[in-house]
Amino acid sequence: MDYNFSAIEKKWQEYWQKNKTYKIDIDTNKPKFYVLDMFPYPSGAGLHVGHPLGYIASDIYSRYKRLKGFNVLHPMGYDAYGLPAEQYAIQTGQHPAITTDINIKRYREQLDKIGFSYDWDREVRTSDPKYYHWTQWAFIQMFKHYFNKQSQKAESIESLVAVFEKEGNQNVQAACSTDQIFSADQWKSWSQNQQQEMLLNYRLAFLAETQVNWCSELGTVLANDEVKDGVSVRGGYPVVQKKMKQWSLRVSAYAQRLLDGLDTIDWTDSLKEVQRNWIGRSEGASVNFGVKGNDKTIEVFTTRPDTLYGATFMVLAPEHELVSELVTPEYKEKVENYIHWVKGRTERERMADVNKITGEFIGAYGINPITGNEIPIWIADYVLAGYGTGAIMAVPAHDSRDFAFAKHFKLPIIQVVVKADDKATDPASWEESYDSKEGRMINSGLIDGLEVKTAISSIINYIEEKKLGYGKINFRLRDAIFSRQRYWGEPFPVYYKNDLPYVLDESELPLELPEIDKYLPTEDGQPPLGRAQNWETAEGYPYELSTMPGFAGSSAYYLRYMDPKNNQELVSKEANAYWQDVDLYIGGTEHATGHLIYSRFWNKFLFDLGLVCKDEPFKKLINQGMIQGRSNFVYRIKDSNTFVSYNLRSDYEVTEIHVDVNLVHHDVLDIEKFKAWRAEFNQAEFILEDNKYICGYAVEKMSKSMYNVVNPDTIIEQYGADTLRLYEMFLGPLEDSKPWDTSGIEGVHRFLRKLWRLFFDANGSLNISNETPNPGEQKTIHKTIKKIQEDIEKFSFNTSVSAFMICVNELSELKCNKREVLSNLTLILSPFAPHIAEELWSLLGNHTSVTDADFPGCNEAFLVEATKTYAVSFNGKVRFTLDLPADMTKDAVEKEVMIDERTTKWLEEKTPKKVIVVPGKIVNIVV
RNA sequence: GCCCAGGUGGCGGAAUUGGUAGACGCGCUGGUCUCAAACACCAGUGGGGUUAAACCCGUGCCGGUUCGAGCCCGGCCCUGGGUACCA
């Protein structure tokens with residue numbers, strides 16, 4: 001009987017479905033293990049061979065854990081809201097829900113063919129009202145809570161109101177967007193509207209006028225992580241800064257906890273580093289500068305308060321609110337022109353000329369609070385409105401940006417720090433500023449002579465004492481803008497009364513997405529929901545017109561999988577207590593600053609409310625590498641329809657043309673298929689080498705336009721899902737990027753056939769012996785059991801596949817068909833190649849699924865070796881090997897080596913200076 | 001610019017973490033089987049050198065530590081990814 005993979009795979013996929021093999025439930029008799037894949041956005045293009053890489057890895061791990069006795073939660077679902085379906089709807093009028101449904105169906109078919117062990121009864125879709133019910137619900141909770149900095153957690157708005165009523169807000173330490181202080185009496189005197197307006201400054205989900213990334217092409221705002229290089233990540237459209245009233249989530253309140261949490265989780269250092277940079281904690285001081293002839297103060301944030309004596313000017317962001325007040329009449333026009341110019345530039349233009357130094361003096365002077373010196377105030381676009389206070393004190397001697405600015409505008413530079421043993425020099429002669437924190441203060445009054453680090457703490461103490469400022473920690477992490485002026489997203493459970501937002505009662509959820517006639521903004525520029533009929537509460541209050549962004553639905557999906565059908569709560573206490581958190585999360589590194597920050601924030605919030613038992617949602621996280629495409633090229637001779645083979649191309653003037661990799665096998669072009677590929681090649685002529693047309697190749701991104709996309713369905717048809725699974729793993733380390741080259745797949749396919757043949761005799765009949773395996777056979781299988789277990793636990797699946805190949809090669813050599821050996825082999829292979837494993841398992845006479853068996857243990861007794869092969873080297877160069885008993889002492893080994901005639905030969909009658917014996921491994925003789 | 005990975009045969013990649021570099025697979029060469037092909041099997045395959053061997057060279061480059069370095073240290077070059085005026 002041949003290895004008929006198509007029949008076998010079909011049979012077992014049906015069996016699994018029929019028997020609900022992968023359906024799991026809470027089972028308190030077993031330890032839980034939660035393995036999660038980042039759920040996909042179901043795009044219209046379907047899966048290519050790169051997508052399932054991480055899914056295969058997590059599936060192997062899940063199956064392994066199950067064999068090890070764990071109750072494994074391994075779910076899958078869809079991040080079903082998103083721009084492409086909506087863009088398609090705009091073009092064609094087809095409802096995005098329909099597009100999404102079609103795409104999901106296709107994804108599901110493709111996924112099913114690969115043989116994953118997902119419990120599909122737990123599937124979630126973010127666009128399903130039963131699912132987004134809980135996305136909306138979480139939003140309501142955020143609206144109803146604020147972040148108490150003292151307790152470092154979310155607390156209810158009612159408790160905050162109680163404090164306001166009792167003592168106003170002077171003692172409240174909360175993450176909020178106002179610095180207005182009020183008393184209890186004031187609070188009580190306010191109208192409901194005024195109170196609501198004040199509370200919006202405290203809520204974790206709040207509505208506020210903010211500087212946003214506006215993308216007019218998409219007609220919506222974007223989050224920081226959705227913008228790259230000044231254009232939208234999806235689509236590549238230009239993005240400009242704009243002030244708009246938007247919903248935001250106060251993610252920044254959790255900055256410190258998001259940072260601290262990183263130390264408690266098992267993620268790669270590089271990913272943690274990306275998050276640390278994104279959170280961007282910096283310690284320093286907030287210092288108030290006076291303004292000459294004005295009672296205003298300008299608050300600046302600096303990480304180098306030690307350099308206060310070196311501040312020679314100040315710079316405000318062009319958007320800074322004090323600019324218009326402080327600018328003197330004679331500079332007014334220039335300043336306004338400059339501001340106008342800055343506003344007109346897109347983010348991208350700004351980034352294109354970061355090195356261009358621009359700015360304007362505003363005519364006013366700030367007063368250095370510590371020296372009393374008057375220093376000019378400038379505006380410049382190198383100071384960002386969004387960071388710190390949007391104003392800086394410039395210390396050109398010790399900050400490279402200030403230095404460049406001072407040089408350009410010929411502003412004074414004063415040195416206040418010298419390197420350890422150096423003397424002060426004239427900054428006018430400097431090529432660059434001295435930014436390092438190594439050194440000693442000079443020209444610095446109070447802190448003169450101090451080391452930088454002591455100077456910092458000493459000056460902070462001083463300014464706090466004199467009430468000139470205070471020590472402060474700043475974060476780069478911004479609040480997340482949560483409104484999108486789009487249709488295909490979760491509606492906000494929000495309505496407006498007197499222009500102020502109120503949330504719906506929880507009993508009214510889900511607030512379902514209404515139907516609209518066109519998926520475009522309204523004529524008067526309202527978001528698409530402005531077209532919906534009766535989009536208002538029963539009382540006639542209008543609903544919010546924006547929808548939520550992509551990260552809303554993906555922020556708590558891992559919790560929903562624990563209890564996906566629960567329509568009373570997001571997740572039951574019981575389910576959460578059992579499944580707790582994700583033990584292993586596998587996904588792409590592109591979510592480092594978006595999803596992985598937002599969902600950690602979301603989870604921490606739910607944790608504060610006592611709704612989930614873990615502060616961090618993802619215990620261990622692995623980023624699978626990208627599968628790159630391997631493109632093939634043909635070479636057309638200029639102005640002809642003749643193609644010349646790769647190695648002959650240098651004799652001609654040729655154009656390199658991408659050719660579909662599916663027409664090429666081992667870099668040899670299938671000429672007939674090529675001719676049929678496109679009409680223009682129908683009459684093509686070829687100059688061959690060795691009767692073949694050899695194509696060139698290059699590693700590029702896998703994409704349609706490079707004609708290098710390989711579809712898993714095609715591979716499965718030709719070689720089967722088990723071969724695909726093994727080959728994806730065999731390609732290289734999981735976390736590395738590597739090119740996909742279908743050529744190599746034949747090796748793993750051969751391996752599976754060779755494995756199959758172990759079970760059959762020359763006539764093709766099943767032939768399994770019940771004899772006891774001999775020591776050689778035992779050694780082979782037990783060393784493989786050990787290796788596979790070790791490899792799986794460190795996610796080294798590529799070396800596992802090699803180990804299986806070596807094992808089968810050895811067993812073939814030994815002509816081993818012993819039941820015990822083959823059973824063990826089938827079991828350890830089953831996480832990798834589940835279909836063939838099920839088939840072989842049943843051929844071995846078992847009547848239950850291999851997934852219900854136990855992972856075999858390694859019996860070390862079979863691995864003990866009687867002899868060891870020693871490499872004998874002279875001055876580090878290995879000259880010969882020698883087999884010696886494994887238990888031989890070092891001295892005896894040395895003696896044996898020294899009497900060997902080959903040693904005598906290599907010594908050339910010299911006396912060895914030293915002999916090093918590493919037991920069981922090597923002997924090195926130093927001559 | 002800064003941060004993080006990483007540079008090993010024609011290719012994808014191994015190397016027990018300082019102990020025989022190139023496992024395993026692809027490709028290639030030769031052979032067996034076949035009318036032929038496919039499949040399968042056997043042998044070879046880092047470079048130089050030799051009839052064959054001996055031997056020499058070899059993990060991006062230069063230097064160091066060590067009995068011994070792909071692995072550790074210092075400096076440099078290159079590739080990929082992230083990030084970008086964050087005070």
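Just so it is clear: chains get the letters A, B, ... in the order the sequence lines come, proteins before strands, and each one is counted from 1. Note that this is a predicted model, so its numbers are computed, not measured.
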Start at the 5' end of RNA chain B and walk down; is the nucleotide closest to G876(A) or to T593(A) reached first?
G876(A)

Applying a 4.0 Å non-hydrogen cut-off, can you work out what D736(A) is touching in the nucleic acid: base, sugar-phosphate, or nothing?
nothing

Sequence neighbours excluded, every pair satisfying salt bridge (charged side-chain N to carboxylate O under 4.0 Å, His left out) that has a member inside residues 917-927 of chain A:
none

What integer distance in Å separates Q275(A):CD from U83(B):C1'?
14 Å

Look at the rings of F403(A) and W430(A) and say which category their plane angle falls in: under 30° parallel, 30 to 60° tilted, over 60° perpendicular.
parallel

Do M729(A) and V748(A) come within less than 4.5 Å of each other through their side chains, counting heavy atoms only?
no

Checking all strands, does D402(A) fall into the base, sugar-phosphate, or nothing category for heavy-atom contacts under 4.0 angstrom?
nothing

S270(A) near the nucleic acid: base, sugar-phosphate alone, or nothing, with a heavy-atom cut-off under 4.0 Å?
sugar-phosphate

From the options V915(A), V918(A), V872(A), L884(A), select the one residue that forms a side chain to side chain contact (heavy atoms under 4.5 Å, CB included) with V893(A).
L884(A)

Identify whether any heavy atom of K877(A) sits under 4.0 Å from a base atom; if not, whether one sits that close to sugar-phosphate; answer base, sugar-phosphate or nothing.
sugar-phosphate

Do E283(A) and R281(A) meet the salt-bridge criterion of a basic N to acidic O distance under 4.0 Å?
yes

Watson-Crick or G-U counterpart of G27(B), or none if no pair lies under 3.5 Å:
U45(B)

Quick one: are the ring centres of H749(A) and Y727(A) less than 6.0 Å apart?
no

Tell which nucleotide pairs with C72(B), taking only Watson-Crick or G-U wobble pairs whose two distances are both under 3.5 angstrom.
G64(B)

Within the structure shown, what part of the strands sits under 4.0 Å from I806(A) by heavy-atom distance: base, sugar-phosphate, or nothing?
sugar-phosphate

G6(B) - base-pair partner by Watson-Crick or wobble geometry, distances under 3.5 Å:
C78(B)

How about Y387(A) and S282(A): does a side-chain donor come under 3.5 Å of a side-chain acceptor?
yes

For V918(A), answer base if it contacts any base atom (sugar-phosphate contacts may also be present), sugar-phosphate if it contacts only those atoms, and nothing otherwise; contact means non-hydrogen atoms under 4.0 Å.
base

Classify S282(A) by what it touches in the nucleic acid, base, sugar-phosphate, or nothing, heavy-atom distance under 4.0 Å.
sugar-phosphate

Send over the distance from K890(A) NZ to G19(B) C1', rounded to a whole Å.
13 Å

By a strict heavy-atom criterion of less than 4.0 Å, which residues belonging to residues 781-790 of chain A are in contact with RNA chain B?
none

Candidate nucleotides A87(B), C67(B), C26(B), ranked by approach to the side chain of S743(A) - the nearest
C26(B)

With a 4.0 Å cut-off on heavy atoms, is T881(A) in touch with a base, just the backbone sugar-phosphate, or nothing at all?
base

